[in-house]
Amino acid sequence: EHYGIPAISTGDIFRANIEAETPLGLKVKEITASGGYVSDDITNEIVRDRLAEPDAANGFLLDGYPRTEAQVDALAGMLAETGHRIDGVLMLTVDEDEVVGRLLKRAEVENRPDDTEDVIRERQAIYRRETEPLAAVFGKFAGITAGAKVLDVGCGPGALTAYARSVGAEVSAIDPSPPFVDAMRERFLDIDVRSGTAEELPYDAGAFDAALAQLVVHFMTDPVAGIRQMARVTRPGGLDTRGSVALTGVALLMSALVL
């Protein structure tokens with residue numbers, strides 16, 4: 001709503017087809033009932049068709065896509081055709097048992113009988129195999145290089161920090177969750193890990209070459225303030241992946257934002 005662009009959820013598209021009992025919906029229902037993910041070919045075609053609609057001409061938010069490296073490649077081709085570019089990518093890091101509990105509650109409230117604990121845990125296993133490794137793919141996309149000063153906002157257990165360090169970046173990290181902060185301090189003994197939120201980053205203006213995030217924007221108390229803070233702590237001329245709205249910084253993985 002803030003940017004006037006559509007939020008495009010592949011899950012919503014699939015569920016609409018299931019409810020309408022279309023041929024696609026019947027196929028998707030069979031796949032998801034076993035805990036699997038819909039194939040890349042089907043998912044890519046659905047996204048391609050949706051992005052061709054008029055309301056997506058000025059930008060869009062993708063929710064739950066891309067999930068695999070093949071989907072990343074397909075999206076890159078779509079963007080090349082339309083002249084769009086990805087301005088930000090977001091990743092949410094949550095304890096697996098917490099995810100399972102929330103999804104079971106959602107299944108109860110929204111009457112989703114196929115969302116059993118076994119099915120949900122199988123989806124989590126697929127996520128770890130196929131989606132979690134994409135943090136490195138998008139890290140490369142962000143252009144992180146040796147010697148760059150990088151801030152990992154909402155660092156979670158440190159997937160992005162680990163990648164940034166592997167290419168020689170100088171990393172600082174911050175997270176509002178005390179357990180994640182403690183875990184990060186134990187895992188990375190030589191980096192500055194602080195407790196705090198995106199909305200109140202305790203760093204000087206221009207302190208970093210890039211500010212990156214692993215949290216979905218709508219989980220911020222004030223998303224606009226959080227993104228502005230990320231821009232504030234990034235030096236002028238730093239890694240700018242939101243250039244069309246004069247914001248600097250990139251966030252990794254679960255959703256793609258194009259403006």
Side-chain angles (χ1 to χ4, degrees), residues 1 3-92 99 103 106-107 110 112-115 119-142 216-218 241-242 244 250-259:
E1 291 180 3
Y3 291 110
I5 59 176
I8 300 172
S9 165
T10 51
D12 287 346
I13 295 173
F14 290 143
R15 281 187 289 275
N17 278 271
I18 290 173
E19 291 175 5
E21 297 186 336
T22 66
L24 171 63
L26 295 175
K27 188 172 184 177
V28 170
K29 184 176 182 179
E30 180 181 353
I31 295 170
T32 56
S34 65
Y37 281 140
V38 180
S39 71
D40 290 338
D41 289 343
I42 293 175
T43 305
N44 291 336
E45 192 59 34
I46 283 179
V47 171
R48 181 184 298 276
D49 289 345
R50 180 64 183 86
L51 295 186
E53 295 185 17
D55 66 336
N58 294 324
F60 45 84
L61 172 69
L62 293 173
D63 181 3
Y65 180 92
R67 292 178 184 266
T68 68
E69 194 160 354
Q71 291 179 11
V72 171
D73 292 340
L75 179 60
M78 298 176 209
L79 298 179
E81 292 173 5
T82 62
H84 285 112
R85 71 171 188 174
I86 293 178
D87 294 289
V89 187
L90 312 175
M91 177 178 180
L92 174 64
V99 170
L103 291 178
R106 184 184 70 173
E110 299 183 6
R112 299 188 183 187
D114 294 331
D115 278 0
V119 166
I120 291 170
R121 289 197 181 277
E122 173 60 18
R123 290 175 188 160
Q124 292 298 303
I126 294 173
Y127 171 83
R128 289 192 299 273
R129 290 196 307 269
E130 299 185 6
T131 304
E132 194 169 58
L134 294 185
V137 174
F138 281 106
K140 293 176 183 177
F141 166 81
V216 174
V217 170
H218 64 253
T241 62
R242 294 175 179 270
S244 60
V250 62
L252 290 190
L253 202 51
M254 287 298 291
S255 305
L257 174 66
V258 175
L259 295 173

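Quick caveat: nothing in here was measured; it's all calculated off a predicted structure.
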Stepwise side-chain contact (heavy atoms from CB on, under 4.5 Å) test for Glu45 and Arg48
CA-CA 5 Å; Glu45 192 59 34; Arg48 181 184 298 276; 4.2 Å; yes

List the steps and the verdict of side-chain contact (heavy atoms from CB on, under 4.5 Å) for Leu61 and Tyr3.
CA-CA 10 Å; Leu61 172 69; Tyr3 291 110; over 6 Å; no

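Heavy atoms only, all atoms of each residue included: Ala56 and Pro6 are closest at CA-CG, 4.1 Å. Shown here for Leu62 and Val47, the closest heavy-atom pair between the two residues is CD2-CG1, 4.3 Å. Among all heavy-atom pairs drawn from Ile5 and Asn58, the shortest one is CG2-O, 4.1 Å. Residues Asp115 and Ala107 share a closest heavy-atom pair of CB-CB, 3.6 Å.
The structure places CG of Leu51 at 7.5 Å from CG of Leu79, a figure rounded to the nearest 0.5 Å. Between atom CG of residue Leu103 and atom CD of residue Glu110 there is a gap of 10.0 Å, rounded to the nearest 0.5 Å. With rounding to the nearest 0.5 angstrom, the CD1 atom of Ile46 is 8.0 Å from the OG1 atom of Thr10.
Heavy-atom contacts from other residues, nucleotides or ligands closer than 6.0 Å to CD of Glu69 number 12 or fewer.
Taking the side chain as every heavy atom from C-beta outward, Ile42 and Lys27 approach each other to under 4.5 Å. At a threshold of 4.5 Å between non-hydrogen side-chain atoms, the residues Leu24 and Val28 count as touching.
A salt bridge does not link Glu21 with Lys29: none of the charged nitrogens is closer than 4.0 Å to a carboxylate oxygen. Using a cutoff of 4.0 Å between basic side-chain nitrogens and carboxylate oxygens, Arg50 and Asp55 are scored as salt-bridged.
Listed for the Asn17 side chain is a donor-acceptor partner under 3.5 Å among the backbone atoms of Ile13. Side-chain atoms of His84 never come within 3.5 Å of backbone atoms of Phe60 as a donor-acceptor pair (strictly under, hydrogens ignored).
Side-chain N/O atoms of Asn44 and Tyr65 include a donor and acceptor closer than 3.5 Å.
Between Gln71 and the options Asp73, Leu75, Thr68, a side-chain contact (heavy atoms from CB on, under 4.5 Å) holds for only Thr68.
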